Visitor: 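Below is the structure I would like to discuss, written out as structure tokens.
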Amino acid sequence: MSKRMVILGAGESGAGAAVLAKAKGFDVFVSDKSSIKPKYKEMLDNHGIRWEEGQHTEADILNADEIVKSPGIPDKAPIIQLLKKQGTPIISEIEFAGRYTDSKMICITGSNGKTTTTMLTYHILREAGVDVGLAGNV
């Protein structure tokens, strides 16, 4: 039986995480409390991924083996509190994608200055001739 992965948030990186999870053999369900853009609905439909918008159906979310959560969903959200209470692992989209690359990564976190620090790091590495890319919310 395949591992059940629930993706919370169906923006660009959430939809991308869902497609990756499906390609890696997960049973995938996507839930977004807001409206999902038509292009992401089409992407999910084309990959045979179940999704919902405008709500978080607890029965479809709480049975996940693992959750990939959009950074836009606050940790205080009721569904996140329920998942934490039952001990379901919750990871970010970038953490999930990072499992499937051999690339070296520099991960920048914090409250302020992340974009500036990320762009400066990218610029320095690129100018030094390193084959470098950006991922995340930049």
Side-chain angles (χ1 to χ4, degrees):
M1 191 166 126
S2 61
K3 190 172 180 182
R4 182 154 164 74
M5 175 73 71
V6 172
I7 314 292
L8 296 178
E12 185 168 358
S13 55
V19 170
L20 175 61
K22 181 78 172 189
K24 295 298 181 182
F26 289 87
D27 172 20
V28 185
F29 176 66
V30 176
S31 178
D32 197 311
K33 198 133 181 148
S34 299
S35 296
I36 301 173
K37 289 183 179 180
K39 66 180 180 179
Y40 300 132
K41 289 179 187 179
E42 184 179 345
M43 179 190 303
L44 296 170
D45 288 343
N46 288 342
H47 287 88
I49 298 169
R50 276 191 338 110
W51 55 268
E52 68 175 354
E53 64 181 341
Q55 63 185 358
H56 286 315
T57 304
E58 287 184 14
D60 286 326
I61 296 170
L62 296 178
N63 67 350
D65 294 309
E66 191 169 35
I67 300 288
V68 173
K69 180 183 84 67
S70 165
I73 299 172
D75 287 340
K76 292 183 244 174
I79 194 70
I80 301 303
Q81 291 300 307
L82 288 170
L83 289 161
K84 284 183 173 187
K85 186 175 181 181
Q86 72 180 21
T88 304
I90 302 171
I91 62 172
S92 69
E93 297 146 338
I94 198 79
E95 182 178 353
F96 178 62
R99 293 177 180 173
Y100 301 101
T101 181
D102 293 328
S103 297
K104 290 188 167 116
M105 290 184 270
I106 297 172
C107 303
I108 299 169
T109 67
S111 299
N112 295 300
K114 295 179 294 297
T115 300
T116 301
T117 303
T118 299
M119 296 304 293
L120 180 60
T121 303
Y122 172 79
H123 176 75
I124 291 168
L125 291 171
R126 189 186 70 218
E127 290 300 310
V130 177
D131 180 15
V132 63
L134 290 171
N137 293 338
V138 174

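No experiment lies behind these values; they were computed from the predicted model shown.
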Visitor: Does one hydrophobic cluster hold both Val68 and Tyr40, with members joined at side-chain heavy-atom distances below 4.5 Å?
Guide: yes
Visitor: Within a radius of less than 6.0 Å around CD of Gln55, do more than 12 heavy atoms belonging to other residues, nucleotides or ligands occur?
Guide: yes
Visitor: What I'd like to find out is whether the side chain of Asp60 reaches to under 4.5 Å of the side chain of Arg4, using heavy atoms alone.
Guide: yes
Visitor: Are Val30 and Met5 linked, directly or through other ILVMFWY residues, by side chains that come within less than 4.5 angstrom of each other?
Guide: yes
Visitor: Rounded to the nearest 0.5 Å, how far does CE of Met105 lie from CG of Asp102?
Guide: 9.5 Å
Visitor: If you take all heavy atoms of Gly48 and Lys22, which pair is closest and at what distance?
Guide: O-NZ, 3.3 Å
Visitor: Could you go step by step and tell me if Lys24 and Glu66 meet the salt bridge (Lys or Arg N to Asp or Glu O under 4.0 Å) rule?
Guide: CA-CA 14 Å; Lys24 295 298 181 182; Glu66 191 169 35; over 6 Å; no
Visitor: Per the side-chain contact (heavy atoms from CB on, under 4.5 Å) rule, which among Ile61, Ile49, Asn63 passes with Phe29?
Guide: Ile61
Visitor: Using every non-hydrogen atom in the two residues, find where Gly9 and Ser70 come nearest and quote the distance to one decimal.
Guide: CA-CB, 4.1 Å
Visitor: Hey, could you give me the CD1/CG distance between Ile90 and Asp75, rounded to the nearest 0.5 Å?
Guide: 7.5 Å
Visitor: Determine whether Val28 and His47 make a side-chain contact, defined as any pair of heavy atoms from C-beta on separated by less than 4.5 Å.
Guide: no
Visitor: Quick one: are Asn46 and Glu42 in side-chain contact, heavy atoms under 4.5 Å?
Guide: yes
Visitor: Count the heavy atoms of every other residue, nucleotide or ligand shown that sit under 6.0 Å from CD of Glu95, and state whether that count exceeds 12.
Guide: yes
Visitor: Report yes if the side chains of Leu8 and Ser31 come closer than 4.5 Å at any heavy-atom pair, otherwise no.
Guide: yes
Visitor: Which pair of non-hydrogen atoms, one from Pro71 and one from Glu93, has the smallest distance, and what is that distance?
Guide: CD-OE1, 3.4 Å
Visitor: Treating Ile, Leu, Val, Met, Phe, Trp and Tyr as nodes and any side-chain heavy-atom pair under 4.5 angstrom as an edge, say whether Ile7 and Ile91 lie in one connected cluster.
Guide: yes
Visitor: Please report the closest heavy-atom contact between Ala64 and Ile67, naming both atoms and the distance.
Guide: CB-CD1, 3.6 Å
Visitor: So which heavy atom on Met43 is nearest to which on Ala15, and how close?
Guide: SD-CB, 3.9 Å
Visitor: Linking I/L/V/M/F/W/Y whenever any side-chain heavy atoms sit under 4.5 Å apart, do Phe96 and Ile79 land together?
Guide: no
Visitor: Do other residues, nucleotides or ligands put more than 12 heavy atoms under 6.0 Å from the NZ atom of Lys41?
Guide: yes
Visitor: Leu125 pairs by side-chain contact (heavy atoms from CB on, under 4.5 Å) with which of Leu120, Asp131, Val132?
Guide: Val132
Visitor: Let me check something: do Leu82 and Val6 share a hydrophobic cluster, defined by ILVMFWY side-chain heavy atoms less than 4.5 Å apart, either directly or through other members?
Guide: yes
Visitor: Heavy-atom distance under 4.5 Å between the side chains of Leu20 and Phe26, does that happen here?
Guide: no
Visitor: Glu52 side chain to Asp32 main-chain N or O, any donor-acceptor pair under 3.5 Å?
Guide: no
Visitor: Going by heavy atoms in the side chains, are Lys33 and Ile73 under 4.5 Å from each other?
Guide: no
